[in-house]
Protein chains: 2
Amino acid sequence: MEIHYNMCMRILIIEDDLKLRSMLKDALEAFHTIDTAGSLKEGIELVGSYAYNALLLDRNLSGADEGMKIIPTLKKLQSSCAVIITSAYGGVEERIAGLSAGADDYLEKPYDLRELKMRLDALIRRYARDTIMMGEMQIDIKNETLSVQGEIILLSKKEHDLFFFLASKPDKVFTRDDIANAIYEDPSSTTSNTIDVVIRNIRKKLPIDPIETVKGRGYALKNV
Amino acid sequence: MEIHYNMCMRILIIEDDLKLRSMLKDALEAFHTIDTAGSLKEGIELVGSYAYNALLLDRNLSGADEGMKIIPTLKKLQSSCAVIITSAYGGVEERIAGLSAGADDYLEKPYDLRELKMRLDALIRRYARDTIMMGEMQIDIKNETLSVQGEIILLSKKEHDLFFFLASKPDKVFTRDDIANAIYEDPSSTTSNTIDVVIRNIRKKLPIDPIETVKGRGYALKNV
DNA sequence: TGACTTTTTCATGATTTTTTCATCTAGGAC
DNA sequence: GTCCTAGATGAAAAAATCATGAAAAAGTCA
């Protein structure tokens with residue numbers, strides 16, 4: 001199985017310092033898709049609706065250690081999301097508290113941007129194992145979930161079977177016969193354009209179109 | 001249904017300072033299986049014959065940056081091994097060099113033993129979460145309690161088993177077979193729509209509906 | 001035992017998916 | 001330009017699947 005790992009990640013930055021926030025966004029946007037939130041509340045909302053690969057979290061949001069509270073939520077919602085805490089207080093005790101709250105890393109402010117990027121990459125590498133990233137699509141093999149642009153997509157049975165069949169070999173063009181053999185008990189029973197319609201229904205559920213039509217041959221899942 | 005997280009890792013420590021080496025071994029041995037090597041050569045031999053979960057690597061083995069050389073070898077041999085580099089030189093440039101060589105973390109000497117342990121734990125924590133916060137729901141896996149909007153919800157045994165099974169992987173769609181296998185001694189004994197009814201009874205007890213029906217496939221716990 | 005709760009079964013109506021089919025559209029060949 | 005073809009699309013029919021209420025069966029506990 002050929003799998004294409006496109007290392008563009010979706011990252012959430014929760015940081016109340018506006019200047020720092022936009023600086024980080026600018027710096028990382030060249031490599032990844034960045035969302036930002038200025039408060040924990042805003043951050044939690046985003047975590048509920050998008051799938052992130054990493055979270056960069058300011059520990060000292062609005063005084064107390066509010067920031068830490070989001071970590072367990074995030075980790076269970078999104079098992080493949082790495083968490084980096086940033087904080088001005090870099091003592092050993094604080095680092096330990098951060099890590100035991102569930103974070104994967106702890107960076108002291110001020111930090112070097114290149115180091116931040118390296119640490120992000122290191123974490124992402126570690127988490128990327130059971131996930132196929134294809135452009136804006138994230139296919140979690142283990143949990144059999146698909147998310148596109150961070151949104152979790154629920155497919156019906158036929159849609160699911162067809163989509164994951166195409167995903168088994170990204171970029172390969174499958175004929176309608178290939179597909180019918182894969183997703184039907186009795187492939188000969190279907191005489192109409194059923195497969196075209198299933199394809200269409202999948203497309204209707206996605207915000208982008210990752211399925212390429214190859215005229216005269218069939219369909220392929222492509223990198224979007 | 002009880003879930004136990006007993007995560008004992010096999011860790012290799014490569015460190016030429018004998019005193020530090022045995023100190024580390026003593027400190028970590030309570031939690032993990034520890035192998036030690038005093039030289040790079042010795043370390044490479046061990047890497048060739050055992051599967052490690054983590055490598056603690058002294059950067060400054062025998063003068064030059066010999067330590068780094070082992071990382072690509074290791075990563076090739078054991079793709080799921082995390083690497084933590086330790087070094088007396090803690091400047092940003094060195095940290096970046098270490099991380100870009102493939103390490104997952106970088107610790108400056110001298111480091112606090114508790115912090116080292118925390119960082120090691122962070123590497124495996126993704127397998128051992130105990131509290132799930134999902135929107136208005138709080139699911140405590142360890143104590144097996146569920147509360148919604150602050151209120152503790154009491155579920156009957158079957159309801160409880162089914163709910164916590166779904167909660168073990170939020171967003172994953174479980175088939176009725178998956179569920180039956182998880183919550184029944186003899187899954188084949190049930191011929192009717194028992195599971196549907198249990199689902200319905202759970203829904204009746206909750207003020208919100210966190211269970212998504214995916215027609216033709218099964219059920220999934222979703223974020224509410 | 002008897003009152004009570006939980007679990008399972010079943011029949012029915014509601015809903016969604018799946019399939020079919022007729023019609024549209026875009027692009028290539030002529 | 002027209003003709004032709006493969007695919008896209010919308011809508012309706014057919015099939016599959018699920019939710020629900022109610023009742024029987026099994027289990028719990030004083």
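Numbered from 1 within each chain, the chains take letters A, B, ... in sequence-line order.
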- Message: Test: ring pair (Phe, Tyr, Trp, His ring centres under 6.0 Å). Region: residues 189-214 of chain A. Which pairs qualify, not counting sequence neighbours?
- Response: none
- Message: Enumerate the ring pair (Phe, Tyr, Trp, His ring centres under 6.0 Å) contacts for residues 192-217 of chain A, please, sequence neighbours excluded, ordered by first and then second residue.
- Response: none
List the residues meeting salt bridge (Lys or Arg N to Asp or Glu O under 4.0 Å) with [X], not counting sequence neighbours, and say none if there are none.
{"X": "A/K117", "value": "A/D121"}
{"X": "A/R203", "value": "A/D209"}
{"X": "A/K158", "value": "none"}

Distance-only check: which donor-acceptor pairs under 3.5 Å involve side-chain atoms of residues 174-183 of chain B, not counting sequence neighbours?
unit_1, atom_1, unit_2, atom_2, d
B/T175, OG1, B/D177, N, 3.4
B/T175, OG1, B/D178, N, 3.0
B/T175, OG1, B/D178, OD1, 3.4
B/T175, OG1, B/D178, OD2, 3.2
B/R176, NE, B/D196, OD1, 2.9
B/R176, NH2, B/D196, OD2, 3.3
B/R176, NH2, B/Y219, OH, 3.2
B/D178, OD2, B/T175, N, 3.0
B/N181, ND2, B/D177, O, 3.1

- Sequence-distant partners of A/K172, side chain to side chain donor-acceptor pair (under 3.5 Å), two or more places apart: none
- For nucleotides 25-30 of chain C, read 5' to 3', which letter fits each nucleotide if B means a protein heavy atom sits under 4.0 Å from the base, S means only the sugar-phosphate is that close, and - means neither? ------
Anything under 3.5 Å between a protein N or O and an N or O of nucleotides 21-23 of chain C, put it in a table, one pair a line.
unit_1, atom_1, unit_2, atom_2, d
C/dC21, N4, A/N193, OD1, 3.3

- Kindly calculate the angle separating the two end axes of the helix from C/dT1-D/dA30 to C/dC30-D/dG1, each obtained from five base pairs, and round it to 10 degrees. 30°
- Terminal contacting nucleotides, 5' and 3', DNA chain D versus chain A (heavy atom, 4.0 Å): D/dA6 to D/dG10
Under 3.5 Å, which N/O atoms of the protein pair with N/O atoms of nucleotides 4-7 of chain C?
unit_1, atom_1, unit_2, atom_2, d
C/dT7, OP1, B/K158, N, 3.0
C/dT7, OP2, B/S156, OG, 2.3

